[in-house]
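Following: one structure in structure tokens, then a few remarks.
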Protein chains: 4
Amino acid sequence: MNKLSASAKGAYLIAITPFTENGALDLASTDRMVDFYLAKGASGLTILGILGEATKLTAEESKLFTKQVLQRVNGRVPVVVGASSAGFAPMRELTQSVMALGASGVMIAPPASVRTDDQIVAYFDMVNETLGSDVPWVLQDHPVSTGVQMSTGVILRIVKNSSTCVMLKHEDCPGLAKLSAIRAASDRGDARRVAILTGNGGGLFLPEELTRGADGAMTGFAYPEMMVDVITAHAAGEIEKAHDIFDAYLPLARYEQQAGIGLAVRKHIMAQRGVIACATLRKPGLRLSNSDMADVARLTERQTRRLQELQ
Amino acid sequence: MNKLSASAKGAYLIAITPFTENGALDLASTDRMVDFYLAKGASGLTILGILGEATKLTAEESKLFTKQVLQRVNGRVPVVVGASSAGFAPMRELTQSVMALGASGVMIAPPASVRTDDQIVAYFDMVNETLGSDVPWVLQDHPVSTGVQMSTGVILRIVKNSSTCVMLKHEDCPGLAKLSAIRAASDRGDARRVAILTGNGGGLFLPEELTRGADGAMTGFAYPEMMVDVITAHAAGEIEKAHDIFDAYLPLARYEQQAGIGLAVRKHIMAQRGVIACATLRKPGLRLSNSDMADVARLTERQTRRLQELQ
Amino acid sequence: MNKLSASAKGAYLIAITPFTENGALDLASTDRMVDFYLAKGASGLTILGILGEATKLTAEESKLFTKQVLQRVNGRVPVVVGASSAGFAPMRELTQSVMALGASGVMIAPPASVRTDDQIVAYFDMVNETLGSDVPWVLQDHPVSTGVQMSTGVILRIVKNSSTCVMLKHEDCPGLAKLSAIRAASDRGDARRVAILTGNGGGLFLPEELTRGADGAMTGFAYPEMMVDVITAHAAGEIEKAHDIFDAYLPLARYEQQAGIGLAVRKHIMAQRGVIACATLRKPGLRLSNSDMADVARLTERQTRRLQELQ
Amino acid sequence: MNKLSASAKGAYLIAITPFTENGALDLASTDRMVDFYLAKGASGLTILGILGEATKLTAEESKLFTKQVLQRVNGRVPVVVGASSAGFAPMRELTQSVMALGASGVMIAPPASVRTDDQIVAYFDMVNETLGSDVPWVLQDHPVSTGVQMSTGVILRIVKNSSTCVMLKHEDCPGLAKLSAIRAASDRGDARRVAILTGNGGGLFLPEELTRGADGAMTGFAYPEMMVDVITAHAAGEIEKAHDIFDAYLPLARYEQQAGIGLAVRKHIMAQRGVIACATLRKPGLRLSNSDMADVARLTERQTRRLQELQ
């Protein structure tokens, strides 16, 4: 088995969920998407996250999609499945079901209802009990979507309380100081070291985050090669090169990270790149206007040109 | 079939979901609870709402519980099922499944993500399309839990756009002016008349709401006879008597309506009344302290005494 | 000087700010209001709180009103002034100015921007530094208006860090468990004892809060004699009598505590009682409809009747 | 007089408020800052906004700072003053005072308490009445800080109701579709044309916003020449050049736009550029760590290099 571990690193790509024109699951595009991500150098995949439109799927569809992805990946990289849930019974059920299918771990974000330090820690104690001792899990720190602000101290308490928490998905913003503080704690030996993959604003701070000690990125972008290439250059000590690559993609990445419309942009580009057959989002989901598509076209052209200059 | 209609009135009780000591669904208690509610004069039941711990159930459990309630009710009163969902595919699936089991309609609250008037109306247009033309539904207006504020104008637009929206569950607070305005609109013939059942603060404004034109209540309280008796007296024109009854229960009702701890109080009393075997909530759920239970004991005794004085 | 201290107890009344028909400060009514509160047995007054429409006053008006109240009170009871502010410079300025006029202390609530335990504690460390070593202050815990949830541990840390924090205004809901926990900490000697006055829902849990160890109430209600009489009876060990009095006022108190419309109700009744000349609120402020006023009339009559029965 | 009008365009810079090491207003730096902004090509200035730490100033300091800026500007460009306030009396007082000093108009954002379309429109009707018929004002649409979402329809209603509303500060995100829709309404003659200056994410979508019909930007950035040069190139029809300039600054602009730490970055750079004597923020305000400063140094160097390549 390909279980997720604290030594994970590289680019974990947040997968979209491809739909056909009429909104059905598109399993053929799902296979192409998996191939595309792996061909671009993904170190892992994450499915059924917010940008995977997880909440728009029925339980049956979630299982079907997970199965398809896992079969296609076939153990080549770890696959993490989003399992945040309003209740522990559905969380347990979904977790057991995807782990049985071959998932490598699950990712859990806190519900909006927890606020104080103690409430957050108590919540994750219950998560830990729910998942059991065999399921590696990722703590997702994403205040923009959850409304929950976890201090460095709280994150370290959660990690301490759960030996199966092996990774932090770091998406607090501004988050560089926090990232430094968490890394410093494990460097000093005050805390167990977990992998930290960042997803801040869809990777909009990736070079700086790597400098602060992140092990990679877990996020989506229609050009996953950006994440892979930036991480590779950075790991090789070529910091300026990492920035050069990052800067070339930044104008489009910034555009794709607009809340609400960003997923439509991503699917539009992935359809244009031939990865998925159709850019459809399930309702409620924004559609790109002609002006939006013109923006994307201009940014894509400029990106291509800039990348050529860098060769 | 016992479909929900715009002529609904009386006390629709928000049912709890009984669990055994170890947190399993307690179907025997479920039967007793149904019998209890009907014996106390319920005009209808609502299941799988927030206070039914709906989000803590697996899809399988939701179906099992719904089936049990519907079998026990056996068509004697309408049963409404909460079907709010983060996505339309799960909403459709759950709706079709409970309607097939014999539910009388579903209840839908808006998601926190919709804010402007147009966003809210557009959302319910999609709800309407999702439910189809055969499923009567209840619009739940509960800003405290949803964060969504629907103006009178927005509610009337939703009702206008959907001929199957037959009821408003009114839980905005303060909400008396809004209730008056919605009722005035249908009285003037400017809007189709839908049933308005109130749930404000668990019925804490019931007599005033009835005076403003509410058709009844849809809420929970461990003494459902309060709702039934207040509505009956009010309908008979005995306004002062309605207030007398209400006031006798108010000290306990107020205590039971504390957010967070309220459901634990309700289950505690229902266990004490012999309705359910066990007061257990699923995690995360508060437990009553000894001091809490002493408060409840005092309030219950005082309530009994006051009701005797009123005889 | 009449400085606020940790031994404070009884009913501290949250004063309204009376305006004339055209919205100007009504200083004659202000004097009558002070006399009224003291005649009814107030142990202290709190001015320039949310229900004092503090944010609707200019700095000049705030000073003028404070001066008028302090002159009229003339040292007979302590006067606390709301001094929460978005910045520390204005907080310092306002505090120094009202203390120079003879105020007994200030009350500070946290800004919505602080969330984690450490952020909250750090904020109040800065408050403490801003107020200096001579100004007694009240920590206001009112999540409904601030959005800030302070755990028991956080409150105890704030109290520990500031020797001039002498009182907690307890308005978290549900809050009985927290009240018990804070009181238990000082009873065990783990924390310095501060006064705890409760304002929960305008006093809607007053008898239970007194049982848990509250020293009194700091809240507003158009019948302040309720608070005074409940506290007096409770302090004399006449618990059932305290509940009897409370229950008699509860139907109206509940009506007056509706967010948004509550202050209009309070001013309406205080005008009817002859305390203030005019029920005007400054914009934006709701006006009572005829139906609202009919509700109040009925509840007031019923309250009078019930109080007579209790004689 | 230099009153703000609907024909405003170009770069309106959101000014910081310079402080000395010990937190006092630094009026000498204020003069240098004004000179710097005008030398860089500012078409206008905006003071006492969120990033001007307005809430941290006393009323006296606000007046002093405003006076200093207005004297130094001396009518060369319009100066807009932030006048959002929790109450209308303070809003009126501040407005009258700054207009008397020579301000060109004020800027108003809605309070968090308004939610529905009608509530928002009613609020701005009261603003309009408060400001009177002589004061041009800017409608600030910044949901991230206010929590208020104004639809296109609501903005057009506000503009229709107030002939003195001459400008929209557009900071909704994603906001391109909204910008297009508002512009289309005035192009069709369905609405009065007001100036639209954008501040989205500190200008992170400036080129696209100009293409959609924005008249310029109203935002801050330690390199205001970016805004000026992008707007100039765009106005000259040199769209690709506008993007080239924008892209060169984007990596630093993105870094400076991190909520919370952004203002510290801006002041740090402005101190380094010799504009202000000291990078101090008033409490509560973040300080840059050594790692933060290293990030800024790297980004600044890369930016300089890239701008040279573009020559």
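What you are looking at is a predicted structure, and each value in this text was computed from that prediction instead of being measured. Proteins come first, then strands; the chains are lettered A, B, ... in the order of their sequence lines, and each starts at number 1.
Between I261(D) and P174(A) the shortest heavy-atom distance is CG2-CB, 4.0 Å. Residues R212(A) and S289(D) come closest through the heavy atom pair NH1-OG, 4.4 Å. Residues Y255(A) and F205(D) share a closest heavy-atom pair of CA-CE2, 4.0 Å.
The number of heavy atoms from other shown groups lying within 6.0 Å of CG (N290(A)) does not exceed 12. Annotation for R287(A): atom CZ does not count as buried by contact number, only 12 or fewer foreign heavy atoms lying within 6.0 Å.
Neither the backbone nor the side chain of L286(A) has a heavy atom closer than 4.5 Å to any heavy atom of chain D. Contacts between E309(A) and chain D at a heavy-atom distance below 4.5 Å involve the side chain alone, from C-beta outward. For E301(D), no part lies near chain A; criterion is any non-hydrogen pair under 4.5 Å. Contacts of F246(D) with chain A are made by side-chain atoms alone, with heavy-atom separations under 4.5 Å and no backbone atom involved.
The most heavy-atom pairs under 4.5 Å with chain D, out of C173(A), S180(A), G262(A), A259(A), come from A259(A). The choice from T211(A), L250(A), I239(A), D292(A) that makes the most heavy-atom pairs within less than 4.5 Å of chain D is L250(A).
Looking at L176(A) and S291(D), their side chains never come closer than 4.5 Å, going by heavy atoms from C-beta outward.
Salt-bridge formation is not detected for the pair R306(A)/D244(D): no Lys NZ or Arg NE/NH1/NH2 atom is positioned less than 4.0 Å from an Asp or Glu carboxylate oxygen.
Partner D247(D) forms a salt bridge (charged side-chain N to carboxylate O under 4.0 Å, His left out) with one of R254(A), R298(A), R302(A) and no other, that one being R302(A).
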